[in-house]
Amino acid sequence: MKSHAMCSNMVRCLGDGNTSLQKLATSIVFFFCLSDVSCNSVEQKIYVELNNTVPCVRLLNATHQIGCQSSISGDTGVIHVLESEADLEWPLSKGPNPPYMVLLESSLFTRSIMMKMKNESNRVAGVAVVVPNTSPPEFSPHTTCPNENTGVYSDNYGPNLAHCNTTVWNPRGNGLSYEEFDFPVFSLKEDNETEFIKQCYLDHNRAVNGSAPQYPLCAMQLFSHMHAVTNTPTCMRRNDINFSINPGTQKATVVSRDTLLLEPCFLGTLLLPVFPVLSARFLDSRAFFWEVSTGAEGSVSGFVTLLAAAQALREVTHEAPPTRNILFAFFQGETFDYIGSSRMVYDMENGKFVIDLDNIHSVLEIGQVAVHSGTNLFLHSDPVSRRNNTVNDEVREELFSSFFSSTAGLSFLLVEPNVSQPLPPSSLQRFLRAQPIPGIVLADHESAFNNRYYESFYDNAANLNLTYPSDLSPEEQLEFVTDTAKSLTDVATVVARALYKQAGGNESLVNNIKADPKIVTQMLYGFLVSSNNSWFQAVMAPELKNILKPSPPEYYVGVAMSSTPTRLVQYLLANLTGAATNLTQSQCQKPDELPNESRQMYSYLWVQGIVPPNSTERDSFCVRASVRLTKAVSPAFELGEYASKDYSTWTESRWKFIKARIFLVASRDLEMLTLGVGVAVLFTSLLVTYFISTKADVLFSSTREPASAAY
């Protein structure tokens, strides 16, 4: 209505002029008015945008590039829904309308099929994988031997154990995450968009009795052009070159944005002030597709266990402090060649850390610990360093002994692997590369991983059997103690007891140490179901509340972005091991101005607090804790050694935008006919314009009209 009123006003204003001009102006205005009211853009009429898509992106290291990308203008292909591996014959050879955009179910997302399409990439424009709501029996796109080139085992250290010669840790790994594909690969959710694509295929593309389908055909276009090429040294070198023509403009770069993590990522808390027992776990995970890694068993089970153990030790370490310190460390970037742990070791060796490497008494690392009914936990150690009698005695008489004597009243047994085998992939390997240190890795597997979905998008809450009764509200689910929470509570209890004994604590108090199942279940809900819950809201800073989402955090180690798991664990660790103070918000921000307060000793965090009953405002307060953040940038980038064989060199490519859409495409003949007609019309219009222009004095000559003429 508003548009029509505005149009009539414009027509009336023009009504005082020449009649011909008035008619012309009225027609023009009427056309634009109709356009304003009812016309959509041509693009919207042609394309259907796909919103629930996630791409595979390009990563680079010292020697290779992996991942996927499209051409700079996007890749387009006729959609073909793959129904079986035998059906590959159509897009790879028989189909008359290449290139094809292959849509396949997750059960067909295998190495065999993907490599066949890679080898015939001239007929494959891209791949779209439908990720179902239920998980397949198994799927791991990682390699069979994770981080094999940056661990401790090599030709110089346990050569018979290197490259998984004795133990293949991830036998289900198909290595797809470390392949390079010259076409885009996107994931689609199993939703209405996917059904629409399949219906479009059935209506237009499906061959009947082997005959070619008739035009128009349903096509898909994927945009995921990556700017980085070759490897990290090449990209970093190009990053240092200014390609700008204009000195005042930002330089154009062709490289990844930086190392895989820019946010500080090591979290630690000293429950006591020298010679600590180090207890470690990593926070990150990854999947084939960008930022869809949930890492339930691979990552979350371990760091939730360690957080619960830290909370269980809080009271006893104040009541009866052990003779050694306990340092909890949560690393980031371990999936990509141990970025976090290698940086800590580097800083320790170069006097840039609060303690030196020589001061580490022993290391206890939590691996994958998704304990299920009737399973055991295994204590892995390094057979090479244990050839040193001092290290061997420390491992057997203290570490093993501390664990074996800490299982009273718990639902599982602790077992030492009965064969001589290497450590599983773990941060402890980076410490052993520097010097022999007594250490063990606690895990739920004796040899090969139990995790059927290692480093894949299926390693989610369902993989941990984390389920809730259907009639519970989100707040009730947060408080509901699941069987998984009970199992991990037992693991956290034995870890806390073993740490306390290893640190020289009072033996008579060990069996009193128990983890809290309520805290464990709240953490599992927050890290695997919804981070935007009342407990996480209460322990976070007001300025960080926006990182809480009604979904799990993303555990992929992002670039040039804040790491949500890092922030969540930082604030949880502070609340679980620190103390609430009476400081105001301004005092919390500047504690050094107060007596008996020091930022050198503690961190001070202002948190939102809970909403009291019959109130609408939160009861905020200041937490004092010995939780610290430090960088997790690989030493290779500090040293400028982009081809380093000792440190992680992973980088991530830049890209302009990510987009996917479908549309109907006409036959080649019709497209060429349309183009030809368009070109003919263009030249005809140019000739007419030229003719009119040269004859304008004749065609548009005007004669003076009599002054007395009436209209």
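- Ring-centre distance between F449 and Y454: below the 6.0 Å cut-off.
- In this structure, A660 and T53 approach most closely via the heavy-atom pair CB-CG2, 4.1 Å.
- For the pair A128 and L188, the tightest heavy-atom approach, listed with the atom from each and the gap, is CB-CD1, 3.9 Å.
- With a 4.5 Å cut-off on side-chain heavy atoms, I658 and F186 count as touching.
- Counting heavy atoms of neighbouring residues, nucleotides and ligands inside a 6.0 Å radius, atom NZ of K189 does not exceed 12 of them.
- Inspection of the Q65 and T230 side chains reveals no N or O donor paired with an N or O acceptor under 3.5 Å.
- Closest non-hydrogen pair, L306 versus A329, comes out as CD2-O, 4.2 Å.
- Looking at Y642 and T651, their side chains never bring a donor and an acceptor atom within 3.5 Å of each other.
- Using a 4.5 Å heavy-atom cutoff, the side chains of S299 and F282 are in contact.
- Inter-residue side-chain proximity for Y571 and V627 is flagged as unmet; no heavy-atom pair is nearer than 4.5 Å.
- Between the side chains of N231 and T234, a donor-acceptor pair is found at a separation under 3.5 Å.
- Classification of the H445-H380 ring pair by plane angle, with boundaries at 30° and 60°, yields tilted.
- For R452 and E297, the salt-bridge test fails: no basic side-chain N is under 4.0 Å from an acidic carboxylate O.
- Distance alone, capped at 3.5 Å, is enough to place a donor-acceptor pair between the D459 side chain and the G298 backbone.
- Judged purely by atom type and a 3.5 angstrom limit, S653 uses its side chain to pair as donor or acceptor with the backbone of H227.
- A salt bridge between D646 and R433 is present, with a side-chain N of the basic residue lying under 4.0 Å from a carboxylate O of the acidic one.
- Taking 4.5 Å as the limit, some side-chain heavy atom of Y346 sits within range of a side-chain heavy atom of L639.
- Taking the centre of each ring, Y338 and F431 stay at or above the 6.0 Å mark.
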| request: For the pair Q311 and T577, evaluate side chain to side chain donor-acceptor pair (under 3.5 Å) and give the outcome as yes or no after the intermediate values. | output: CA-CA 6 Å; Q311 188 274 335; T577 62; over 6 Å; no
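- Salt bridge absent: E180 and K118 never bring a charged side-chain N and a carboxylate O closer than 4.0 Å.
- For the residue pair D182/S121, the side-chain donor-acceptor check at 3.5 Å is not satisfied.
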| request: Evaluate side chain to side chain donor-acceptor pair (under 3.5 Å) for N465 paired with D483, printing each intermediate quantity in order. | output: CA-CA 8 Å; N465 296 324; D483 291 339; over 6 Å; no
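- Between Q502 and L364 the shortest side-chain heavy-atom distance does not fall below 4.5 Å.
- Remark: the S279 side chain and the E365 side chain contain no N/O donor-acceptor pair separated by less than 3.5 Å.
- Panel note: side chain D284, backbone Q332; no donor-acceptor pair is recorded below 3.5 Å.
- Cation-pi geometry between R286 and Y178 is met: under 6.0 angstrom from the ring centre, within 45 degrees of the axis.
- What you find for P159 and N165 is that their closest heavy atoms are O-ND2, 3.5 Å.
- Ring-plane geometry between F527 and F536 is classed as perpendicular, the angle between the planes exceeding 60 degrees on a 0 to 90 degree scale with a lower cut at 30.
- Proximity of F457 to F139: side-chain heavy atoms (C-beta onward) are separated by under 4.5 Å at one or more points.
- When only modelled atom types and interatomic distance are considered, D382 and Y157 share a side-chain donor-acceptor pair under 3.5 Å.
- For S447 and Q421, the side-chain atoms include no donor-acceptor pair closer than 3.5 Å.
- Looking only at side-chain heavy atoms (C-beta outward), T566 and F330 stay at 4.5 Å or farther from each other.
- The closest side-chain heavy-atom distance from F288 to V129 is not below 4.5 Å.
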| task | Apply side-chain contact (heavy atoms from CB on, under 4.5 Å) to W169 and C164, showing your working. | result | CA-CA 7 Å; W169 296 109; C164 295; 3.7 Å; yes
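- Remark: E179 engages R111 in a salt bridge, criterion side-chain N to carboxylate O under 4.0 Å.
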